[in-house]
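In this chain, numbering begins with 1 at the start of the sequence shown.
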Amino acid sequence: MPFSQLPQSIAGALVGRGYTQPTPVQAAVIESDAEARDLLVSAQTGSGKTVAFGLAMAQQLLDADGNLPAPGAPLALIIAPTRELAMQVSRELEWLYAPARARIATCVGGMDSARERRNLSYGTHIVVGTPGRLRDHLERGALDLSALVCAVLDEADEMLDMGFREDLEQILDATPDNRRTLLFSATMPRPIVALAKRYQRDALRISTLDERQGHGDISYQAVAVSPSDIENAVINLLRFHEAETAMLFCATRDNVRHLHASLVERGFAAVALSGEHSQNERNHALQALRDGRARVCVATDVAARGIDVASLSLVIHVEVPRDAEVLQHRSGRTGRAGRKGTAVLIVPFSRRRRVEGILRSARIEAEWMPAPSAASIRERDRDRLIARLAEPVEATEEETALAERLLAEQTPENIALALVRAHSQTMPQPEELIDLSSAEGRGEKQHRPGFDDTAWFRTDIGRRQNADPRWILPLLCRRGHITRADVGAIRILANETHFEVRRAIEAKFRAALQRTAREGAEDESGVRIEPAPGAPQPGAAGKVHKPRRTGDAAPRHEGPRHDGPRKPGKKFPPRHGGGHGGGKDRRAQ
């Protein structure tokens, strides 16, 4: 159905907004076979689904002349998971239904609930809200759903993930049985299917993800890194692309907090969004992104729902998404409205097969490449500086006078040098990454001077617990308060790992181990590390690894523990940049 066949008021609003033809999801919901039916819709982020359900609702809300009745009990209810998404939906419906003079009420957490109740009492046509606030108004008697003809659940999968099932059920149970129910969900897990079966009748299944392709305007890249280099890879990617706005996805609020703190410490203008932030903090963060005061946003999947920043051109999957649909939904925050975008997956080398499977499932062709090196970033910085200086400049008289004075007092070479230095000091420094193509980067045995006199220790984790030297080495450094330069060979056996340290720091290492040990703890402090009588016997089954030489500098935090050992009865929670795949920690959202 073309727009011309819609009610005149809606068609006029679309034309006034610059719409010439419907998007696939918009065309699908206004087809004749979808008319007056319950709909179960899957569509990509940025596909125009808010306008889509606005068009679908028009069939029930407007009369033949495209008009609405006098405001009273709401005729349509839209439920969204977050305040930002609810406000965004409300703004879209306001212009779409403006010619019909629709009265739209918004009911969301963080706003004045008494004012919302007053607005509802004045009468309304459409109510948009979040589950918790809508349930509160319903229980107080302020929200009357007896006249409802259409209910829309937007981002239904995220609402269930956030624990709103009971709220949704109570709200839908209070609506008339003959209402129309439109359920929009980026993914269709079993709980969504169950919800649809309970509250929908003969629903028409619509999916614009048949080809399961990412947006055509998104370029996908995958960079393989050592698990200990995930945070460094994030820094180098941000510096290499220098995107106007970038969004970084982590799995939990703890990871968001830690990565955000690290980026701010290094000089990035970054904000964070997760379940632990208040509504006021979220508002300030989003405003900082929109007005350019912040250029990087670190967020969880749920916290990023409903965010639409026009300048967003780079998405970095710091933690591998759990499946193809999450990959597409995260990446869909960029490459919108005809703009180009880049989505980068940071892949620990041990997770490459899983990521390749996710990409195949999504039918996405990603370019595999190494993470940007410090040298390549410096080269780009030089090119960017030269390009910026080549741009025409409109100077004021005062600026011209100052420039002439500088030329009179300094040589052009000194002025250029000062300009280069001033420019470089404003940018965070890139990081040196482990070269996975080198023998040392692969953890192969290398002779290292200074290890003629060593002391051997052992831990209670081994090959059967998925022990890996790239995980064990940073653990030893953190627990023993030493640097990686103090650790010699690492030999991984079936159920334990042996390693050597310099004899000169043995006493210091033992004392630190005692202070950082917690018997029975489920994190790394519960890993038992104790002296060993000597090196493992030559016949012991195991591989010898030598740490990468990095001088005597203290090691940085070494990234995730999801790819580290798994000892029965012990849990190793991820740090920033950690966790790749697997189920979500819903409480962290």
Side-chain angles (χ1 to χ4, degrees), residues 226-230 254-255 319 348-351 354 434 441-445 451 454-502 505-506 508-548 555-582:
S226 166
S228 62
D229 258 345
I230 289 177
D254 287 339
N255 294 1
E319 302 185 76
F349 55 80
S350 59
R351 306 285 289 182
R354 172 172 174 78
I434 294 174
R442 294 191 301 269
E444 296 177 4
K445 186 173 181 180
F451 279 84
T454 62
W456 281 88
F457 288 77
R458 66 185 175 195
T459 73
D460 58 346
I461 50 179
R463 189 171 56 254
R464 290 178 181 171
Q465 290 80 35
N466 197 28
D468 185 280
R470 294 173 180 83
W471 188 93
I472 292 174
L473 179 57
L475 181 151
L476 301 179
C477 293
R478 288 192 294 267
R479 284 284 308 276
H481 298 172
I482 58 176
T483 73
R484 62 174 67 199
D486 295 318
V487 182
I490 300 174
R491 175 166 290 174
I492 300 174
L493 307 182
N495 293 303
E496 61 182 6
T497 297
H498 292 243
F499 62 94
E500 61 177 346
V501 300
R502 298 178 191 271
I505 57 95
E506 178 187 4
K508 167 191 169 184
F509 184 62
R510 287 189 186 216
L513 290 178
Q514 289 184 334
R515 292 195 302 271
T516 58
R518 290 193 304 145
E519 186 70 27
E522 293 188 341
D523 59 11
E524 67 179 28
S525 63
V527 175
R528 188 171 73 252
I529 305 176
E530 59 189 9
Q537 294 299 315
K543 293 184 178 180
V544 176
H545 303 266
K546 287 286 186 176
R548 180 171 64 103
R556 295 185 181 277
H557 165 66
E558 298 295 334
R561 298 194 182 95
H562 275 207
D563 291 303
R566 294 293 190 269
K567 181 175 174 59
K570 281 185 169 57
K571 296 178 181 178
F572 299 93
R575 300 276 281 268
H576 59 79
H580 305 277

Next item on the list: Output the distance between atom CD1 (Ile461) and atom CG (Asn495), rounded to the nearest 0.5 Å.
Entry: 11.5 Å
Note to self: If you define the side chain from C-beta out and look only at heavy atoms, does anything of Thr516 sit under 4.5 Å from Arg478?
What the structure shows: no
Check: Could you give the distance from CG (Leu473) to OG1 (Thr483), rounded to the nearest 0.5 Å?
Finding: 9.0 Å
Margin query: I'd like to know if the side chain of Lys508 reaches the main chain of Ile482, judged simply by a donor and an acceptor atom lying under 3.5 Å from each other, with no hydrogens or angles considered.
Written below: no
Margin query: Applying side chain to side chain contact (heavy atoms under 4.5 Å, CB included), can you list everything that pairs with Ala511, at least two apart in sequence or on another chain?
Written below: Arg515
Next item on the list: Spell out, as yes or no, whether a donor-acceptor pair under 3.5 Å connects the side chain of Thr497 to the backbone of Thr459.
Entry: no
Next item on the list: Taking all non-hydrogen atoms of both residues into account, name the closest pair between Pro531 and Arg458 and its distance.
Entry: O-NE, 4.3 Å
Note to self: Within the structure provided, determine whether Pro533 and Trp456 are in side-chain contact (heavy-atom separation under 4.5 Å).
What the structure shows: no
Note to self: If you compare all heavy atoms of Pro227 against all heavy atoms of Phe349, which two are closest, and at what distance to 0.1 Å?
What the structure shows: CD-CE2, 3.2 Å
Margin query: Strictly distance-based, threshold 3.5 Å: is any side-chain N or O of Arg491 a donor or acceptor partner for the main-chain N or O of Glu500?
Written below: no
Note to self: Would you compute the distance between atom CG of Asp486 and atom CD1 of Ile505 and round it to the nearest 0.5 angstrom?
What the structure shows: 4.5 Å
Notebook entry, point to check: Closest approach of Arg484 and Cys477, non-hydrogen atoms and distance?
Noted result: N-SG, 3.5 Å
Checklist line | Under the side chain to side chain contact (heavy atoms under 4.5 Å, CB included) test, residues paired with Ala455 that sit two or more places apart | finding: Phe457, Val501, Arg503, Glu506
Notebook entry, point to check: OG/Ser525 to CG/Leu513 distance, rounded to the nearest 0.5 angstrom?
Noted result: 12.0 Å
Notebook entry, point to check: Between Phe499 and Ile472, is a side chain to side chain contact (heavy atoms under 4.5 Å, CB included) present by the stated rule, with each step listed?
Noted result: CA-CA 10 Å; Phe499 62 94; Ile472 292 174; 5.5 Å; no
Next item on the list: Quick one: list whatever passes salt bridge (charged side-chain N to carboxylate O under 4.0 Å, His left out) with Arg479, sequence neighbours left out.
Entry: none
